[in-house]
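Letters go in sequence order (proteins before strands), and every chain restarts at 1. Just so you know, these numbers use all the heavy atoms, side chains as well, and skip hydrogens, waters and symmetry mates. Everything numeric here is computed off the predicted structure, so don't read it as measured data.
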Amino acid sequence: MSQFTWKDLIQLNSNDKSYLSPLSCMAHVDVNAFFAQAEQIRCGYTRDDPVVCVQWNSIIAVSYAARKYGISRLDTIGSAMEKSGNKLIPIHTAVFKRGEDYWKYHDGCGSWNKDKTKRIPANLYKVSLDPYRRESRKIFRIFRKYSDRVEKASVDEVFLDLGKLCFERLLTENILSEGSDNFKGLKILREVFQQGEYNLESTLPLVPEELKLLNFVGDVYNPENTPLIEDWDDVIFAIGSQIIGEIRKDIEDSLGFTTSAGIARTKYVTKLGSNFKKPDAQTIILNKFVQDFLDGESFDITSFWTFGGKIGNEICTILKTPETHSIKFIRENWPDGPQRLHNYLNERISELSNSDEIHTLDSSKTEALSRKLYDISRGQFLLPLNKKPIVKSMMSNKNMRKDSCCNIIHAISWIEVFSGELTARIKELEQEYSKLIVPKTVVLLATTLKKKVYRKSGHFVHSHNGITSKDFIQVGTKLMQDIDNEYCGSSNSSFYPLLNLSMTISNFEIFDTNKTIVDMFGNHARILTKTNNSIQEVNEDTQIESNVLFCKSCNLNFETNKGFQEHKDFHVAQKLSDAMNGISENSKNLTVGERRLLLNKKRKYPDRISPKFNKKSKEKGGSTPGILSFFKK
DNA sequence: TACTCACAG
DNA sequence: GGCTGTGAGTA
């Protein structure tokens with residue numbers, strides 16, 4: 001007798017319930033040393049070349065060829081070069097230059113180079129991960145060719161729910177050579193299914209002999225050498241392993257990446273499986289061997305997803321797990337359901353409540369936690385694929401070296417970089433999904449030694465072609481000016497240098513580009529003006545413009561918005577000018593982009609040139625004549 | 001909503 | 001360890 005019913009089998013075909021079936025089959029696929037492989041492929045090296053991916057002085061990904069020298073991600077590039085006898089091939093990530101809105105590779109340059117002229121200085125550049133996101137999308141598209149039951153778990157990992165695919169293959173496709181006499185058994189199963197002559201609650205027939213000869217692709221975890229295929233779950237897993245084998249081969253043939261995969265009933269176990277043998281391998285963990293796998297390999301509690309940090313450590317403290325902290329301990333000590341475990345967790349937490357050992361766990365979390373631990377230790381914690389929205393937020397961020405951002409010009413130059421990066425990323429997503437993607441909010445966060453300052457924009461105004469880099473620069477600059485005004489205002493306090501500057505966009509509105517976009521926005525605009533929310537937004541915006549037509553530092557009132565705006569521009573120009581003078585002593589601090597930025601400022605206001613004012617500012621002497629002259633006080 | 005913490009890769 | 005991203009929790 002099979003242990004499975006028709007219902008179990010048919011549930012595999014359901015999009016949202018398949019993961020609950022005892023026959024369910026999931027997979028996790030991980031690209032090996034992703035960034036390093038991406039660089040190896042881009043630069044035309046082979047898998048045997050010891051490529052590492054570098055960011056400033058650190059290694060952020062080590063190819064398997066380079067691991068043979070004992071190099072790990074924690075090595076600095078210098079020590080790694082030594083370990084490898086200079087055989088290492090370090091490739092730096094692409095970078096943006098301050099003041100430029102596009103990234104570039106500077107192959108042949110890198111921090112490992114003793115010759116300083118060939119360095120990529122971290123104070124003037126920002127790492128771009130865009131190339132990896134691109135490759136990631138190419139890889140993801142291949143998965144999608146096979147199935148829409150794919151979850152992108154990170155830039156280099158996916159989960160697949162293979163239920164539907166396995167179901168289809170088992171019941172309709174050629175998984176065996178038709179010639180064989182024994183094909184009969186499978187045929188009967190298919191006929192019964194097609195005629196609907198089954199009872200959902202009744203058990204499936206025994207697995208026909210010929211199906212037991214199905215090949216697994218990859219390594220089946222099987223320490224005791226038991227027969228592999230006995231019941232239908234084994235058959236499903238064999239088919240699943242074939243599918244994953246095909247997809248991985250496709251990825252390798254068309255893009256050149258090697259991957260590792262795990263195939264099992266639950267997401268948690270697939271993740272352990274893909275990590276089990278690397279690189280370029282796949283491991284199948286059959287249901288009947290799950291316990292052997294978890295126990296025999298004595299997985300640490302902290303090696304399970306979400307338990308990798310403080311929570312995992314606190315669990316170990318609370319449960320007083322022995323040395324190895326193996327998950328087996330939980331299964332053996334709480335054999336009869338999560339209730340006792342729940343009680344014990346609560347007892348121990350109150351015992352330890354006054355100690356300094358527990359910070360993140362408390363009794364509000366123990367019920368869910370006990371169930372999770374109980375199930376995880378048995379390899380039966382079921383999780384569905386996680387449907388992720390296209391985007392939630394996007395951040396462009398730069399940690400500053402001491403001289404990376406010491407005035408508003410620098411800040412705006414970084415905002416140019418951020419704007420370019422964010423725009424490019426949005427455009428790629430738009431192309432991929434054939435949508436128009438528009439963020440509603442922009443947040444600028446500046447961090448100094450003493451404080452963190454946020455500024456958030458109101459609603460975005462955008463053309464029907466979507467967002468442009470200029471839009472972000474405009475908003476970002478405005479927010480930055482605002483920050484600068486408040487913290488660096490009239491008194492020249494020591495707000496700069498910034499330790500960090502970041503721009504985050506969020507609150508996306510996503511429009512279908514199938515419909516005529518103009519119509520969409522026509523409607524949208526009307527809706528916006530009607531709702532309460534948007535009226536507030538509009539007011540908020542106009543308040544920024546018109547509420548206070550008064551300049552505190554000059555003690556001047558303005559009658560028109562326009563006039564006030566121009567006056568504010570004057571103050572910014574003053575800042576820019578001052579900043580430039582500060583820099584001019586050491587003019588190499590200014591990048592080409594920054595000079596261009598200043599020139600652009602000029603071009604933007606050609607109608608404001610006032611010879612009189614120009615002269616005056618020159619007379620004041622010292623300061624750069626250019627900028628100030630284009631603004632009215 | 002603003003902000004912090006925790007976690008992951 | 002540097003860089004992105006998400007989700008939970010807090011006030």
Mind checking whether A:Phe418 and A:Phe96 have ring centres under 6.0 Å apart?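 No; A:Phe96 has its ring centre 6.0 Å or more from that of A:Phe418.
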
Pair A:His92 + A:Tyr105: ring centers closer than 6.0 Å: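 No.
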
Does [X] reach a base, just sugar-phosphate, or nothing at all? Heavy atoms under 4.0 Å.
X        : value
A:Ser396 : nothing
A:Phe307 : sugar-phosphate
A:Ser58  : nothing
A:Ile311 : sugar-phosphate
A:Lys152 : nothing
A:Arg133 : sugar-phosphate

Is a side-chain N or O of A:Thr317 found less than 3.5 angstrom from the main chain of A:Asn313, in a donor-acceptor match?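 Yes; judged by distance alone, with no hydrogens or angles, the pair exists.
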
Salt bridge or not between A:Glu428 and A:Arg133? Use side-chain N to carboxylate O under 4.0 Å.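 No, A:Glu428 and A:Arg133 are not salt-bridged.
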
Flag yes if more than 12 heavy atoms outside A:Lys277 fall under 6.0 Å of its NZ atom; otherwise flag no.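 Incorrect, the count does not exceed 12.
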
Row check, A:Phe159 ring normal vs A:Arg149 NZ/CZ: under 6.0 Å, within 45°: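 Judged by the rule (NZ or CZ under 6.0 Å from the ring centre, within 45° of its axis), A:Arg149 is not positioned above A:Phe159.
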
Whether A:Arg67 engages the ring of A:Tyr64 as a cation-pi pair (distance to the six-membered ring centre under 6.0 angstrom, angle to the ring normal within 45°) should be assessed.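 Yes - A:Arg67 lies over the ring of A:Tyr64, closer than 6.0 Å to its centre and within 45° of its axis.
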
From the 5' end of DNA chain C to its 3' end, which nucleotides mark the outer limits of contact with chain A, defined by a 4.0 Å heavy-atom distance cut-off (strictly under)?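 Boundary nucleotides touching chain A, in 5' to 3' order, are C:dG1 to C:dG9.
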
If we check side-chain contact (heavy atoms from CB on, under 4.5 Å) with A:Val29, which of these qualifies: A:Ile139, A:Ile263, A:Val158?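 That would be A:Val158; it is the only one of A:Ile139, A:Ile263, A:Val158 passing the side-chain contact (heavy atoms from CB on, under 4.5 Å) with A:Val29.
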
Let me spell it out: for each of A:Asn399 and A:Ser393, pick the nucleotide of DNA chain C with the closest heavy atom. Which residue's pick is nearer the 5' end?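 Whichever sits nearer the 5' end wins; that is A:Asn399.
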
Between A:Leu422 and A:Ile60, which is nearer to the 5' end of DNA chain C once each is assigned its nearest nucleotide?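 Its nearest nucleotide lies further toward 5', so the answer is A:Ile60.
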
On the 0 to 90° scale, with breaks at 30° and 60°, tag the A:Phe34-A:Phe257 ring pair as parallel, tilted or perpendicular.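 The rings of A:Phe34 and A:Phe257 sit tilted, inter-plane angle from 30° to 60°.
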
Under 4.0 Å from a heavy atom of chain A: give me the 5'-most and 3'-most nucleotides of DNA chain B that qualify.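 The contacted stretch runs from B:dA2 to B:dG9.
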
